[in-house]
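The next block holds one structure in the form of structure tokens; read it before the comments.
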Amino acid sequence: MSLLDIHVLGDPILRETTTPVTAVTDELRRLIDDMFETMYAAKGIGLAATQVGRRERVAVVDVDESPLVIVNPEITLSEGKVRGEEGCLSIPEIYGDVERAGRVVVSALDREGRAFEVEGTELLARCLQHEIDHLHGRLFLDYLSVLKRRSAMSKWERERAKYPALRRTIDPRDLAEQHNEEAL
Ligand code: K1U
Ligand code: ZN
């Protein structure tokens, strides 16, 4: 498995919509494994293909130690409205309050290409919506008020200087540290 670089805000791929997957191949499964490894090392709870520079419609999610692969996900039911704080591995150090559905049902394919449904509430519902947005070129910033968005963008202009190539390289020691903590 390999750690992938995470593309950060300013890279046009984050605004692209992805292409539906027509077959779940071994190559796609390798990408999925690398995405999980990258997500864990970056201490995230989700990661979408565009964030690692890929255009396949696939994302990974792990809220509460339940890893989920969603290939070609679609929200089939959404209800309620809840505000909550979000971050994004592609916009480090920037946070904002976003209103999202409180409960969603998502239909998708798993890593074997089998159709399944997942129901999410609370953080899982938020994370599923955040990742599915990524697969359509949308970012949580798009939901902020003009003022909050302006303030987030001015903070980002300073943060962005850390990523001249618009890529974030994850330190593999972060993954090793997590394994050591789990072993204790
Ligand atoms: O897609 C991403 O950028 C990953 C993102 C997902 C996400 C976070 C918070 C709300 C909705 C979706 C992250 O994982 S950022 C890391 C983070 O903010 C977080 C990590 C652990 C628990 C809660 C939030
Ligand atoms: Zn994100």
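Computation of the quantities below employed the complete heavy-atom set of this structure, encompassing side-chain atoms and omitting hydrogens, waters and symmetry-equivalent molecules.
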Checklist entry - To the nearest 0.5 Å, how far apart are CE in M39 and CD1 in I170? => result 12.0 Å
Next on the checklist: With a 4.5 Å cut-off on side-chain heavy atoms, are L47 and F36 touching?
Outcome noted: no
Next on the checklist: Enumerate the salt bridge (charged side-chain N to carboxylate O under 4.0 Å, His left out) contacts for residues 3-17, please, sequence neighbours excluded, ordered by first and then second residue.
Outcome noted: D11-R167, R15-D142, E16-R55
Checklist entry - Is it true that L4 and I13 fall in one hydrophobic cluster, defined by side-chain heavy atoms closer than 4.5 Å? => result no
Checklist entry - How would you list, by chain and number, every residue that makes a side chain to side chain contact (heavy atoms under 4.5 Å, CB included) with L109, sequence neighbours excluded? => result V71, N72, A115
Checklist outcome for this item: The side chain to side chain contact (heavy atoms under 4.5 Å, CB included) partners of S145 (sequence neighbours excluded) come to L147, K148
Item to check | ring pair (Phe, Tyr, Trp, His ring centres under 6.0 Å) contacts touching residues 139-165 (sequence neighbours left out) | outcome: none
Checklist entry - Who are the salt bridge (charged side-chain N to carboxylate O under 4.0 Å, His left out) partners of D34, not counting sequence neighbours? => result none
Checklist entry - Between M153 and R150, is a side-chain contact (heavy atoms from CB on, under 4.5 Å) present by the stated rule, with each step listed? => result CA-CA 5 Å; M153 288 307 290; R150 211 174 274 160; 5.8 Å; no
Checklist entry - Looking at CG of L14 and CZ of R138, how far apart are the two atoms once the value is rounded to the nearest 0.5 Å? => result 14.0 Å
Next on the checklist: If we ignore hydrogens and angles and just use 3.5 Å, is the side chain of S66 paired with the main-chain N or O of D64 as donor and acceptor?
Outcome noted: yes
Checklist entry - Which ILVMFWY residues are connected to L128, directly or by a chain of links, through side-chain heavy atoms under 4.5 Å apart? => result I45, V61, V63, L68, I70, I75, V104, V106, F116, V118, L123, L124, I132
Checklist entry - Residues in ring-ring contact (aromatic ring centres under 6.0 Å, His included) with H130, at least two apart? => result H134
Next on the checklist: Holding to side-chain hydrogen bond (donor to acceptor under 3.5 Å, both in side chains), I want the full list of residues that pass it with R100, two or more places apart in sequence or in another chain.
Outcome noted: E86, D133
Checklist entry - Nearest heavy-atom pair of R83 and R126: which atoms, and what distance? => result C-NH2, 3.3 Å
Checklist entry - Is the closest side-chain donor-acceptor distance between S107 and E74 under 3.5 Å? => result no
Checklist entry - What's in the same ILVMFWY side-chain cluster as V105, cut-off under 4.5 Å, chained through other members? => result L77
Checklist entry - CD of Q51 to CG of L9: how many Å apart, nearest 0.5 Å? => result 11.0 Å
Next on the checklist: Please tell me whether V52 and V8 are part of a single hydrophobic cluster in this structure, the criterion being side-chain heavy atoms less than 4.5 Å apart.
Outcome noted: no
Checklist entry - What do the steps show when you test E56 against T18 for side-chain contact (heavy atoms from CB on, under 4.5 Å), and what is the final call? => result CA-CA 6 Å; E56 294 92 336; T18 48; over 6 Å; no
Checklist entry - Mind checking what makes salt bridge (charged side-chain N to carboxylate O under 4.0 Å, His left out) contact with E112, not counting sequence neighbours? => result R29
Item to check | Atom pair CG (L28) and CE (M35), whose distance is rounded to the nearest 0.5 Å | outcome: 9.0 Å
Checklist entry - Rounded to the nearest 0.5 Å, how far apart are CD of E131 and OG1 of T50? => result 8.5 Å
Next on the checklist: Rounded to the nearest 0.5 Å, what separates atom SG in C88 from atom CD1 in I94?
Outcome noted: 10.5 Å
Checklist entry - Is the shortest side-chain N to carboxylate O distance from K81 to E99 below 4.0 Å? => result no
Checklist entry - Any link between V60 and I6 through a network of hydrophobic side chains (Ile, Leu, Val, Met, Phe, Trp, Tyr) touching at under 4.5 Å? => result yes
Item to check | Over 12 foreign heavy atoms within 6.0 Å of CD, E85 | outcome: yes
Checklist entry - Where do L89 and G44 come nearest, in terms of heavy atoms and distance? => result CD1-CA, 4.0 Å
Checklist entry - Do you know the tightest heavy-atom contact between V21 and A23? => result CG1-O, 3.4 Å
Checklist entry - What ring pair (Phe, Tyr, Trp, His ring centres under 6.0 Å) pairs are there with at least one residue in residues 41-63, not counting sequence neighbours? => result none
Next on the checklist: Quick check: do R54 and L31 have side-chain heavy atoms less than 4.5 Å from each other?
Outcome noted: yes
Checklist entry - Where is the tightest heavy-atom contact between P92 and E159, given as atom of each residue plus distance? => result O-CG, 4.0 Å
Checklist entry - Do you reckon L135 sits in the same ILVMFWY cluster as L141, going by side-chain contacts under 4.5 Å, direct or chained? => result no
Next on the checklist: Please find the pair of heavy atoms, one from R57 and one from P73, that lie closest to each other, and give the distance.
Outcome noted: CG-CD, 4.0 Å
Checklist entry - Minimum heavy-atom separation for T76 to E117, with atom names? => result OG1-OE2, 4.0 Å
Next on the checklist: Could you check whether any side-chain N or O of K155 sits under 3.5 Å from a backbone N or O of Y95, counting only pairs where one atom can act as donor and the other as acceptor?
Outcome noted: no
Checklist outcome for this item: The complete set of ring pair (Phe, Tyr, Trp, His ring centres under 6.0 Å) pairs with one or both residues in residues 49-71, sequence neighbours excluded, reads none
Item to check | Side chain Q129, main chain A101, donor-acceptor under 3.5 Å | outcome: yes
